[in-house]
Amino acid sequence: MKIVAADTGGALLDDAYQPVGLIATVAVLVRKPYKTAEENIVKFSDPFSYDLSGRQAIRDEVLLAIELAKKARPDVIHLDSTLGGIELRKLDEPTVDALPISDRGKEVWKELSKELQPLAKRFWEETGVEILAIGKDSVPVRIAEIYAGIYSAKWALEYARENGPVKVGLPRYMRVEIGAGWIKGESLDPREGGLYGEIQVETDDVKWELYPNPVARRFMVLEVRPKI
Amino acid sequence: MKIVAADTGGALLDDAYQPVGLIATVAVLVRKPYKTAEENIVKFSDPFSYDLSGRQAIRDEVLLAIELAKKARPDVIHLDSTLGGIELRKLDEPTVDALPISDRGKEVWKELSKELQPLAKRFWEETGVEILAIGKDSVPVRIAEIYAGIYSAKWALEYARENGPVKVGLPRYMRVEIGAGWIKGESLDPREGGLYGEIQVETDDVKWELYPNPVARRFMVLEVRPKI
Amino acid sequence: MKIVAADTGGALLDDAYQPVGLIATVAVLVRKPYKTAEENIVKFSDPFSYDLSGRQAIRDEVLLAIELAKKARPDVIHLDSTLGGIELRKLDEPTVDALPISDRGKEVWKELSKELQPLAKRFWEETGVEILAIGKDSVPVRIAEIYAGIYSAKWALEYARENGPVKVGLPRYMRVEIGAGWIKGESLDPREGGLYGEIQVETDDVKWELYPNPVARRFMVLEVRPKI
């Protein structure tokens, strides 16, 4: 199976280790053995002015997934929204109302679906590819999340070079390692069977350390600062 | 403590990695240090015609656990049903109604208890051994689950030799390794403290690979095909 | 950030591996990189006569955390009560009523807050340090839990020397190792990013083994007996 998935993650943290805004949305193409991405594309956000309601993330993810899917021609697209695997093109108001989610979630999805449902319908008519709101059961979504962490590390490197020390909160239970010219990321949950990713990137002129976020158990903090 | 436990697991998967039916029910005898089985017996099902409601699994597990217990004389039997550790011999209709489980679960258990409750009562009267619906808190139940995965791998080897390529979904977060004459299985969750199992089996004439199930995070797929 | 946290854990087990009572309350001082404690103090309980309602544990934790905080001057204190991070000094009856917790929990907290709320208020007025009911999101609370496991092992060593074999249930998914003059403890959950602790202690004259608690998955048992 050839799957495109998208997810958003990595957060700029303040000095109390609280999230200010999210950093990266990534779409990935995943194929057997489903452990890493064959292709990936990224869209950076401005974490200093970010809508944390979840609306911006989902919208970015759908658009980026479709962008990659147009090129990669997958069998299916996975979104990081746990709506029981429903097809996005079928998500009209009555269907949203029937979902077993919170009232707050319904409100968000009713608004979102106005724009995204026709988009998904058109994409399906043109290509036959479904966009599924499968969420946390999807391995490709988790791989996209790991890449979002890797690209957040890249963002932190570039930010630190220009602006000084910065702290980024990685997505849940993953770590990154920064070497000469590369950033690797991998899941810290061995139950996931070895999910990872890697990108090539300029890594000079900075120092980094990785440690647990004291106020968010199972989340790691990447702190980057310029090498004097 | 000497514990007999039973569980059912391992699923034949279709090409979309969805379960078609379950493969193996295993009963195990577990003793200190409670990491693997001293004895095990297996009953294979036909995954191509399997009742996925859960009824068949529970029935098979009770019967197989009693079969092993008659020989092994444990202190107690653990079943993979999370009903707060209640004794199966006490599970009459009013008791089932009072359980904090779904209406669907109550229906299943009312039907099941008609057959299984008298069986458990008779076994207890003859031997003094209780059958407890302890479920997910039981380590021996998890060991039985790991053996169900190992025997599902054995089933896949034999199936592949005769019928060609086959995909099996292992029980949650476990992996198997196939060597010359043996199949090992172990938990991928280090929090469980190192649970594992091993059986001796003919392993010639097949190739195998293990990878994450893309649509079921934390579950691995074992794919087996004949060596040409 | 400089954080003091407290937790209670480690349980004397009976022969059926059921808890009889809790053993150790520990307060720790934790600083970047938030993986272990810089300082720790312990208060042992008598597990043979222990109030398992949770009241005793919370009270001991608040008092011990304040004791360590008076010396260590942290920025904040973390308690192992998951009440959404609310400040203990604000926990009056109407606030407890509004918490999204069980009626049982509300009852316990209404009684507890009569004593603890004024204490927290006074401590805050004197030092500016808040006591937060942050619970399971806090890494320092988890580190305190690991130290509670380590000190429970110490208790078991001393108990075994004088009274013979004893079984202790460690806090969730952690293990201990006993060497010549030291006890180390560490989390078995790699998602936590490597949390651990160590104390110096007399370790002669005993033998020990560690294995999974058969009736409490993901919890380990430490069994200690005198070397003849």
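Lettering of chains follows the sequences in order, A, B, ..., and the numbering in each one begins at 1.
- With a 6.0 Å radius and a threshold of 12 heavy atoms from other residues, nucleotides or ligands, A/K110 has its NZ atom above the threshold.
- You'll find the side chain of A/R218 stays beyond 4.5 Å of the side chain of C/R142, heavy atoms only.
- Within 6.0 Å of NZ in C/K71 there are 12 or fewer heavy atoms belonging to other residues, nucleotides or ligands.
- You'll find the side chain of A/V215 reaches within 4.5 Å of the side chain of C/H78, heavy atoms only.
- Applying the 6.0 Å contact sphere to OH of A/Y196 captures no more than 12 heavy atoms from other residues, nucleotides or ligands.
- Counting heavy atoms from C-beta outward, C/K35 and A/P212 have side chains that approach closer than 4.5 Å.
- For a residue to count as touching a neighbouring chain, one of its non-hydrogen atoms must lie under 4.5 Å from one of that chain's; by this rule C/D189 touches chain A with the side chain only.
- With contacts defined as side-chain heavy-atom distances shorter than 4.5 Å, the pair C/S138/A/P214 does not qualify.
- Residue C/I143: no heavy atom, backbone or side chain, is found under 4.5 Å from chain A.
- A perpendicular orientation is assigned to the rings of A/Y17 and C/Y34, their planes being inclined by more than 60° (bins at 30° and 60°).
- Sparse packing is recorded around NZ of C/K121, with 12 or fewer heavy atoms of other residues, nucleotides or ligands lying under 6.0 Å away.
- Counting non-hydrogen atoms of other residues, nucleotides and ligands closer than 6.0 Å to CG of A/D15 gives a total of 12 or fewer.
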Point to revise | A/R217/C/R191 under side-chain contact (heavy atoms from CB on, under 4.5 Å): CA gap, chis, key distance, verdict | key: CA-CA 9 Å; A/R217 206 168 137 193; C/R191 299 177 301 169; over 6 Å; no
